[in-house]
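Some notes on the structure that comes next.
Residue numbers start from 1 in every chain, and the chains themselves are labelled A, B, ... in the order their sequence lines are given, proteins ahead of strands.
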Amino acid sequence: MPELPEVETVRRGLSSVVVANTLKQIVVRDRRLRWPIPTDFEDSLVGQTITSIDRRSKYLLFRLGSNRATLLAHLGMTGSFIAYNANDAPALKAHDHVDLVFANGVLLRYNDPRRFGSMHTFRGLDGDQPLLAALGPEPLTDAFHAAYLYEHTRRRTGSIKQAVMDNTLVVGVGNIYANESLFRAGIHPNRPANRISLVRYERLVAEIKAVLAEAIAAGGSTLRDYVNANGEPGAFQLNYFVYGRDGEFCKHCSGVLKLMRHGGRATVLCARCQR
DNA sequence: ATATGAGCCTGTATGC
DNA sequence: TGCATACAGGCTCATA
């Protein structure tokens, strides 16, 4: 399940193979993603050159050369982009929904069993895109800092776990990294967001940045589906303190890790280390 | 502004 | 062995 580190790893891998290359052919086998792939999708891409790939939250933004447009893609829960040589690409598998074929022989294949991902092109500013307009700051930039988080949680009585996963507050912190950063910061996931001091927010922000940066450095986490642009898994799952470890021992105090739920999402915590 | 829950979707794991 | 069920959970949308 790609979160920010996984999407960033994909972005880097894809950039090295498609930037400065021109799209020759688009094959859409199934338009039914999170939203249907628009019928003008293929025409808006053929002949376009990728100038760069950016990331905003967990969205990939393929910048197109001549018409100042952008291909906006989201991997959802189970989406993957894998780069092949068009000559020796493997046989089609289930859920290979889209192929992007480049003039230099690169084939980008999008596979997404659960079809929670999305893909469409747009022209104009990112901020005019409804999917991007309301997003909070990027966690790895200076715009995301303790005072910001403190100020924007003064009226939030809901749990800190749900707050850090709210994309209007900060983007890119999914369930896994929310669990990990709260453990690392020693904050109980149930704690109301407006009952956390600025000092503790400084710790939390530092841990969110650290865990995301470490995960990117490890090539992301692979639990089941995630692979990078070369089809390879990440390694950060080996460094989890709490996620998926309920019933096991806390790596700090050896207490037994507890399972609870926030908004239907699994939360794992150490009740002794997190207050 | 904040909070909650439904719904999207299929593969995998579990229980009977 | 089959079948039913729960779960995984990022995201948007509707509702309060």
Side-chain angles (χ1 to χ4, degrees), chain A residues 1-11 29-38 55-61 72-81 93-98 110-120 122 126 129-136 138-139 148-182 189-196 208 212 215 220-227 233 237 240 242-247 259-268:
Chain A
M1 49 211 71
E3 294 191 22
L4 187 148
E6 291 73 36
V7 178
E8 177 61 20
T9 302
V10 170
R11 186 194 71 77
R29 297 185 193 80
D30 195 337
R31 311 194 89 87
R32 300 172 304 162
L33 298 186
R34 179 78 166 79
W35 300 278
I37 297 176
R55 180 188 55 73
R56 178 74 175 100
S57 185
K58 300 172 191 171
Y59 289 95
L60 292 167
L61 297 94
L72 183 65
H74 197 291
L75 302 176
M77 292 284 300
T78 55
S80 64
F81 269 116
K93 299 186 299 294
H95 316 301
D96 281 340
H97 303 315
V98 178
Y110 180 76
N111 180 285
D112 188 359
R114 253 172 271 187
R115 305 207 309 268
F116 279 12
S118 71
M119 230 179 279
H120 72 274
F122 72 88
D126 294 355
Q129 276 299 297
L131 294 175
L132 304 177
L135 295 175
E138 287 287 327
Y148 163 85
L149 200 50
Y150 182 80
E151 280 169 29
H152 286 84
T153 50
R154 291 309 83 202
R155 281 175 297 281
R156 293 189 77 121
T157 56
S159 70
I160 183 61
K161 168 94 187 299
Q162 301 221 251
V164 297
M165 291 182 67
D166 181 344
N167 273 342
T168 66
L169 204 54
V170 57
V171 301
V173 184
N175 195 41
I176 294 171
Y177 297 108
N179 275 290
E180 293 299 312
S181 55
L182 286 169
N190 272 355
R191 179 166 285 275
N194 65 353
R195 292 191 45 232
I196 295 175
I208 288 173
L212 293 175
S221 301
T222 296
L223 298 177
R224 188 170 293 136
D225 305 292
Y226 168 73
V227 290
Q237 66 279 6
Y240 288 170
V242 287
Y243 182 82
R245 298 190 64 242
D246 53 291
L259 176 68
M260 55 192 304
R261 276 178 192 283
H262 292 90
R265 303 296 185 250
T267 303
V268 185

Legend entry - Given dC8(B), dT10(B), dT4(B), the nucleotide with the shortest approach to the side chain of Q162(A): dT4(B)
Legend entry - Value in whole Å for how far the C1' atom of dT2(B) lies from CZ of R195(A): 18 Å
Legend entry - Phosphate-side-chain proximity, Y59(A) and dT12(C), N/O vs OP1/OP2 below 4.0 Å: yes
Inset, instruction - May I ask you to evaluate whether H74(A) reaches the phosphate of dC11(C), defined as a side-chain N or O under 4.0 Å from OP1 or OP2? - result: yes
Inset, instruction - Check whether any side-chain N or O of R115(A) sits under 4.0 Å from OP1 or OP2 of dT10(B), and answer yes or no. - result: yes
Inset, instruction - Would you mind telling me which of dG10(C), dG11(B), dA8(C) lies closest to the side-chain atoms of A266(A)? - result: dA8(C)
Legend entry - Heavy atoms from other residues, nucleotides or ligands near CZ of R261(A) exceed 12 (cutoff 6.0 Å): yes
Inset, instruction - Please report, rounded to the nearest Å, how far the C1' atom of dG7(B) is from the CE atom of M77(A). - result: 14 Å
Inset, instruction - Ignoring hydrogens and angles, tell me if any N or O in the side chain of N179(A) forms a donor-acceptor pair with the backbone of V242(A) under 3.5 Å. - result: no
Inset, instruction - Classify the ring geometry between Y240(A) and Y177(A) as parallel (under 30°), tilted (30 to 60°) or perpendicular (over 60°). - result: perpendicular
Legend entry - Ring-face cation of R154(A) near Y150(A) (centre distance under 6.0 Å, axis angle within 45°): yes
Inset, instruction - Name the closest nucleotide to the R261(A) side chain, picking from dC7(C), dT10(B), dG10(C). - result: dC7(C)
Inset, instruction - Take atom NE2 of H95(A) and atom P of dC8(B), then tell me their distance rounded to the nearest Å. - result: 18 Å
Legend entry - Distance, rounded to the nearest Å, where Y226(A) contributes OH and dG10(C) contributes C1': 16 Å
Inset, instruction - With side-chain hydrogen bond (donor to acceptor under 3.5 Å, both in side chains) as the test, would you mind laying out the steps for N175(A) and H262(A) before giving the verdict? - result: CA-CA 10 Å; N175(A) 195 41; H262(A) 292 90; over 6 Å; no
Legend entry - T78(A) side-chain N/O to dG11(B) phosphate OP1/OP2 under 4.0 Å: no
Legend entry - Heavy-atom check, side chain of D112(A) versus side chain of L75(A), under 4.5 Å: no
Legend entry - Along DNA chain C (nearest heavy atom to each residue), the more 5'-positioned of L259(A) and G172(A): L259(A)
Inset, instruction - Look at the side-chain N and O atoms of N167(A) and state whether any lies under 4.0 Å from the OP1 or OP2 oxygen of dC11(C). - result: yes
Inset, instruction - Choose from dT10(B), dG10(C), dT2(B) the nucleotide whose nearest atom is closest to any side-chain atom of M165(A). - result: dG10(C)
Legend entry - Minimum-distance nucleotide to R265(A) side chain [options: dA3(B), dC11(C), dT12(C)]: dC11(C)
Inset, instruction - Rounded to the nearest angstrom, tell me the gap between atom CG in L75(A) and atom P in dC9(B). - result: 18 Å
Legend entry - Length of the CG-P vector between D166(A) and dT4(B), whole Å: 12 Å
Inset, instruction - Would you kindly compare R114(A) and L135(A) by the position of their nearest DNA chain C nucleotide and give the one closer to the 5′ end? - result: R114(A)
Inset, instruction - Whole angstrom is fine here: how far is it from CZ in R156(A) over to C1' in dT2(B)? - result: 7 Å
Legend entry - Ring-on-base stacking dC11(C) with F116(A) (under 5.5 Å, under 30°): no
Inset, instruction - Find the distance K161(A):NZ to dT4(B):P and express it as a whole number of Å. - result: 13 Å
